[in-house]
Protein chains: 2
Amino acid sequence: MIVLEVMHMIKNMDKKYNGITTYKIGEVARRADVNKETVQYYEKRKLIPKTDRRRSGYRIFTQRHIDQIKFIKRAQQLGFTLTEIKELLELRLDEETSCSEIKEEAQQKYQDVSEKIDDLLRIKETLTGLIDSCSEDGTIGDCPILEALEGKNKTGKQLRK
Amino acid sequence: MIVLEVMHMIKNMDKKYNGITTYKIGEVARRADVNKETVQYYEKRKLIPKTDRRRSGYRIFTQRHIDQIKFIKRAQQLGFTLTEIKELLELRLDEETSCSEIKEEAQQKYQDVSEKIDDLLRIKETLTGLIDSCSEDGTIGDCPILEALEGKNKTGKQLRK
DNA sequence: TTTGACTCTCGACCATGGTACAGGGCTTAT
DNA sequence: ATAAGCCCTGTACCATGGTCGAGAGTCAAA
């Protein structure tokens with residue numbers, strides 16, 4: 001059974017460009033757990049590197065594409081928009097971008113991420129409290145989660161727009 | 001100048017029900033930094049407690065409503081959908097819900113939140129690395145953020161749906 | 001060499017989370 | 001008592017992030 005599956009997976013891989021394993025869109029979608037259309041959509045939005053094509057027009061994907069799509073999916077669950085995710089993915093040092101540019105960008109993102117972590121830690125604590133208080137006496141009438149993010153109005157600044 | 005603003009804020013508060021300060025929708029929207037329509041939308045979706053009404057039909061809000069709206073906004077930035085946020089807000093112990101019910105729910109949420117925190121910590125580390133490497137030698141060609149969430153395929157289970 | 005499964009493009013459609021009126025009724029300072 | 005400025009309901013519209021289908025071409029195992 002498992003052998004058949006593995007064979008199927010191998011079947012769906014093409015060894016093409018100098019020993020690098022490549023994939024067609026269906027296999028990429030399956031491996032990244034998204035629809036084909038989503039892959040195409042991400043390509044259009046330039047969230048994944050532009051694919052090479054075979055003479056037929058079929059897109060040629062690599063493991064890199066799969067990893068990047070998985071990253072995008074995770075980042076979305078963390079509250080980043082596709083636009084923000086694009087910015088994150090473009091954060092790199094190369095001959096085009098200067099150090100100070102990158103540094104500023106990265107430091108801004110670092111701030112955002114830190115604040116998200118803090119918020120989530122507060123929620124986590126509240127949940128712990130809730131779970132613990134279950135082992136105790138009786139009922140808590142009000143909404144305990146509400147206080148989780150209170151009293152930390154973060155300098156009045158908005159994270160988004 | 002500030003005095004005028006404070007007076008304006010006081011003007012927009014009604015002391016109504018046994019000494020509790022109440023607000024009209026415009027003031028709530030201003031204080032929670034959303035549109036009036038959003039407040040109405042949240043009421044329709046039962047994300048905030050049903051408001052009392054004056055004889056005129058005007059909604060009567062309290063500080064509780066404002067806090068809850070702020071919570072909703074923050075939770076959204078952390079990647080929770082409105083449906084998930086509703087579940088979070090309903091997590092409480094009262095005469096209606098049994099301890100074991102709550103506990104199970106809360107433990108599931110705890111899991112989700114912990115995973116989000118882990119992911120964000122990984123991203124944060126990557127950003128630190130990026131910022132630090134700026135002070136050093138030259139250029140890094142590839143996309144450093146991509147590895148951030150790799151190699152932790154969390155037991156194949158999906159967070160959402 | 002055929003045939004079933006796959007791929008292409010492109011345009012329409014969908015769900016979520018709002019946002020914007022229109023037409024009418026309150027409220028309140030003057 | 002009146003006008004500016006609120007609030008009400010309801011419906012239509014919007015942006016984001018997909019999702020679906022038609023019509024036509026490609027691939028590969030038998």
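Reckoned from all heavy atoms, side chains included, excluding hydrogens, waters and symmetry mates.
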Quiz item: If you check the Arg54(B) side chain, which of dC8(C), dG18(C), dT28(C) turns out closest?
Solution: dT28(C)

Quiz item: Do the side chains of Tyr110(B) and Ile117(A) join up, straight or via other hydrophobic residues, at under 4.5 Å, putting them in one cluster?
Solution: yes

Quiz item: In the single-linkage hydrophobic clustering (I, L, V, M, F, W, Y; side-chain heavy atoms under 4.5 Å), do Leu78(B) and Leu146(A) co-cluster?
Solution: yes

Quiz item: Atom CD1 of Ile72(B) and atom P of dG18(C): how far apart are they, to the nearest Å?
Solution: 9 Å

Quiz prompt | Gap between atoms NZ and C1', on Lys44(B) and dT19(C) respectively (whole Å) | solution = 11 Å

Quiz item: Do the charged groups of Arg30(A) and Glu27(A) touch, with an N to O distance under 4.0 Å?
Solution: yes

Quiz item: Could you give the CD1-to-C1' distance, from Ile25(A) to dT19(D), as a whole number of Å?
Solution: 13 Å

Quiz item: Mapping Gln40(B) and Thr83(B) onto DNA chain C by nearest heavy atom, which one lands closer to the 5' end?
Solution: Thr83(B)

Quiz item: In whole angstrom, what separates Ile85(A)'s CD1 from dT16(D)'s P?
Solution: 14 Å

Exercise. Please determine, for the side chain of Glu37(A), which listed nucleotide (dC27(D), dC20(D), dT9(D)) has the closest atom?
Key: dC20(D)

Quiz prompt | End-to-end axis angle, where each axis spans five pairs of the helix from dT1(C)-dA30(D) to dT30(C)-dA1(D), to 10° | solution = 10°

Practice problem: Can you figure out which of dG18(C), dC7(D), dC8(C) approaches the side chain of Tyr41(B) most closely? | Solution: dG18(C)

Quiz item: Just how far, in rounded Å, is P of dC27(D) from CD1 of Ile60(A)?
Solution: 11 Å

Exercise. Identify which nucleotide among dT19(D), dG18(C), dG18(D) has an atom closest to any side-chain atom of Gln76(B), counting heavy atoms from C-beta outward.
Key: dG18(C)

Quiz item: When you measure from the side chain of Arg59(A), which nucleotide among dG18(C), dT9(C), dT7(C) comes out closest?
Solution: dT9(C)

Exercise. Can you figure out which of dT19(C), dC8(D), dC8(C) approaches the side chain of Asn35(B) most closely?
Key: dT19(C)

Practice problem: Could you tell me whether the side chain of Tyr58(A) has a donor or acceptor atom within less than 3.5 Å of a complementary atom in the base of dC27(D)? | Solution: no

Quiz item: Phe80(B) ring centre to Lys116(B) NZ or CZ under 6.0 Å, with the angle to the axis within 45°?
Solution: yes

Practice problem: Can you tell me the distance, in whole Å, between the CZ atom of Phe61(A) and the C1' atom of dC6(C)? | Solution: 13 Å

Exercise. Flag yes if Leu88(B) and Tyr41(B) sit in one hydrophobic cluster, no otherwise; membership is Ile, Leu, Val, Met, Phe, Trp, Tyr, and two members link when side-chain heavy atoms are under 4.5 Å apart.
Key: yes

Exercise. Using a cut-off of strictly less than 4.0 Å, decide whether Ser56(B) has a side-chain nitrogen or oxygen near OP1 or OP2 of dC7(D).
Key: no

Quiz item: Is Lys73(A) touching bases, backbone alone, or none of the nucleic acid, heavy atoms closer than 4.0 Å?
Solution: sugar-phosphate

Quiz item: Which nucleotide, dG17(D), dT28(C), dA28(D), lies nearest any side-chain atom of Lys24(A)?
Solution: dA28(D)

Quiz item: Within less than 4.0 Å of OP1 or OP2 of dA15(D), is there a side-chain N or O belonging to Arg45(A)?
Solution: no

Practice problem: Whole angstrom is fine here: how far is it from NZ in Lys36(B) over to P in dG5(D)? | Solution: 12 Å

Quiz item: Between Lys109(A) and Glu87(A), is there a salt bridge with N-O shorter than 4.0 Å?
Solution: yes

Quiz prompt | Inter-residue atom distance Arg74(A).CZ - Glu115(B).CD, 0.5 Å rounding | solution = 9.0 Å

Self-check item: Nearest-Å distance for atom pair CG/P, residues Leu82(B) and dT16(D)
Solution: 17 Å

Quiz item: Does a nitrogen or oxygen in the side chain of Tyr42(B) sit under 4.0 Å from OP1 or OP2 of dG18(C)?
Solution: yes

Quiz prompt | Nearest atoms (heavy-atom pairs only) where Gln68(A) meets Leu47(A) | solution = NE2-O, 2.8 Å

Quiz item: Do the side-chain N or O atoms of Arg53(A) get closer than 4.0 angstrom to the phosphate oxygens (OP1, OP2) of dT9(C)?
Solution: yes

